[in-house]
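Notes for the one structure printed next.
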Amino acid sequence: MMESNTATMGNLPRGIGICTTIPDILYLPELVFGGLVWILVACTLVVPANPQAWVMFVSLFCFSMTFIWMVLFFCGMHNNRGSWAAADLAYHAIAAFFYLSASVALAKVTLEIKETIPLNSRNYKLDISAVVFSYVATLLYFIHTIFSAIRWKSF
């Protein structure tokens with residue numbers, strides 16, 4: 001089965017093909033989990049503002065860029081060039097690194113506010129959910145990076 005996947009790895013998908021090939025099938029889960037992080041952090045009380053602002057920047061930036069990237073692949077703007085495979089690898093590596101840094105900052109802030117607010121408060125539950133979804137988004141971007149590297153090497 002891996003042999004059949006690697007045979008198509010040298011081609012960049014277009015159209016509905018982005019929903020059937022690895023790593024491009026990960027665009028939708030990245031959008032869903034990134035959007036959840038964005039929404040959950042936006043719903044919480046922003047204290048302290050600086051780490052939460054970084055999390056908001058990362059989630060909005062990655063959500064927007066992933067959507068644009070997915071649309072570009074869907075429209076076939078890449079013309080099956082190896083430079084697009086390299087750009088896909090670079091973008092997802094940067095996104096994974098940004099999400100990891102945002103996830104760590106969000107987890108730190110959530111642990112710190114644990115001392116000041118009741119554990120059953122709405123803000124604390126939203127922050128915990130945002131931390132979990134942020135780490136899931138980090139994992140998705142990291143997996144996408146690995147498969148993008150494999151695809152890039154096949155060009």
Side-chain angles (χ1 to χ4, degrees), residues 5 8-9 11-113 122-155:
N5 282 341
T8 60
M9 289 298 272
N11 295 321
L12 294 173
R14 65 171 32 130
I16 201 70
I18 65 170
C19 295
T20 60
T21 58
I22 295 174
D24 304 301
I25 198 167
L26 296 173
Y27 283 131
L28 292 177
E30 289 167 357
L31 287 172
V32 168
F33 285 102
L36 285 170
V37 172
W38 169 27
I39 291 166
L40 289 169
V41 172
C43 290
T44 63
L45 180 65
V46 182
V47 175
N50 193 11
Q52 297 280 30
W54 173 246
V55 175
M56 284 297 288
F57 167 76
V58 169
S59 61
L60 279 169
F61 173 77
C62 290
F63 183 86
S64 302
M65 288 302 297
T66 300
F67 182 75
I68 291 168
W69 204 247
M70 184 180 72
V71 169
L72 289 174
F73 268 65
F74 185 82
C75 294
M77 299 293 290
H78 51 72
N79 294 325
N80 206 29
R81 292 189 192 132
S83 59
W84 278 80
D88 186 48
L89 169 63
Y91 165 67
H92 283 91
I94 290 168
F97 177 74
F98 277 8
Y99 252 112
L100 181 61
S101 68
S103 298
V104 170
L106 186 59
K108 182 182 179 301
V109 167
T110 303
L111 286 174
E112 288 173 357
I113 66 169
R122 179 180 172 268
N123 281 330
Y124 183 69
K125 290 177 182 178
L126 290 173
D127 276 341
I128 289 292
S129 300
V131 169
V132 170
F133 291 135
S134 183
Y135 277 109
V136 171
T138 302
L139 180 64
L140 288 169
Y141 278 104
F142 183 72
I143 291 169
H144 199 137
T145 302
I146 291 169
F147 284 112
S148 291
I150 293 169
R151 179 169 58 195
W152 172 67
K153 293 290 273 180
S154 71
F155 266 91

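Only this structure's heavy atoms are used, side chains among them; waters, hydrogens and symmetry mates stay out.
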Are the side chains of R122 and C43 in touch, meaning some heavy atoms are under 4.5 Å apart? yes
Mind jotting down which residue pairs meet the salt bridge (charged side-chain N to carboxylate O under 4.0 Å, His left out) criterion with at least one end in residues 18-41? Sequence neighbours excluded, please. D24-R151
State, without any angle test, whether W152 and D88 hold a side-chain donor-acceptor pair at a distance under 3.5 Å. no
Sub-4.5 Å side-chain heavy-atom contact between T20 and I25: no
On a heavy-atom basis, which atom in S129 and which in L40 lie closest, and how many Å separate them? CB-CD1, 3.6 Å
Residues which pass side-chain contact (heavy atoms from CB on, under 4.5 Å) with F57, listed by chain and number, not counting sequence neighbours: W54, F61, F98
Correct closest heavy-atom pair for L12 and A85 would be CD1-N, 4.0 Å
Pairs involving residues 129-148, ordered by first then second residue, that meet salt bridge (charged side-chain N to carboxylate O under 4.0 Å, His left out) (sequence neighbours left out): none
Of the non-hydrogen atoms in A130 and V37, which two are nearest, and what is the gap between them? O-CG2, 3.9 Å
For F133, enumerate each residue passing the ring pair (Phe, Tyr, Trp, His ring centres under 6.0 Å) test, keeping only those at least two apart in sequence or located in another chain. F33
Looking at residues at least two apart in the chain, or sitting in another chain, which of them share a ring pair (Phe, Tyr, Trp, His ring centres under 6.0 Å) with F63? W38
Relative to each other, are the rings of Y91 and Y141 parallel, tilted or perpendicular (30° and 60° limits)? perpendicular
Looking at every heavy atom in both P29 and L26, which two are closest together, and how far apart are they? CD-O, 3.2 Å
Here the pair of heavy atoms bringing A137 nearest to G34 is CB-N, 4.4 Å
Side chain to side chain donor-acceptor pair (under 3.5 Å) partners for Y99, two or more places apart: none
Residue pairs, two or more places apart or on separate chains, that pass salt bridge (charged side-chain N to carboxylate O under 4.0 Å, His left out) and touch residues 91-103: none
Can you list the residues that meet the side-chain contact (heavy atoms from CB on, under 4.5 Å) rule with V32, with sequence neighbours excluded? L36
Set of residues satisfying side chain to side chain donor-acceptor pair (under 3.5 Å) with respect to Y135, sequence neighbours excluded: none
Any side-chain heavy-atom pair from Y27 and H144 closer than 4.5 angstrom? yes
Please, which pairs that meet salt bridge (charged side-chain N to carboxylate O under 4.0 Å, His left out) have at least one residue in residues 140-149, sequence neighbours excluded? none
Got a sec, which residues hit salt bridge (Lys or Arg N to Asp or Glu O under 4.0 Å) with K153, two or more places apart in sequence or on another chain? none
Output all residues satisfying side chain to side chain donor-acceptor pair (under 3.5 Å) with S103, sequence neighbours left out; order by chain, then residue number. S134, T138
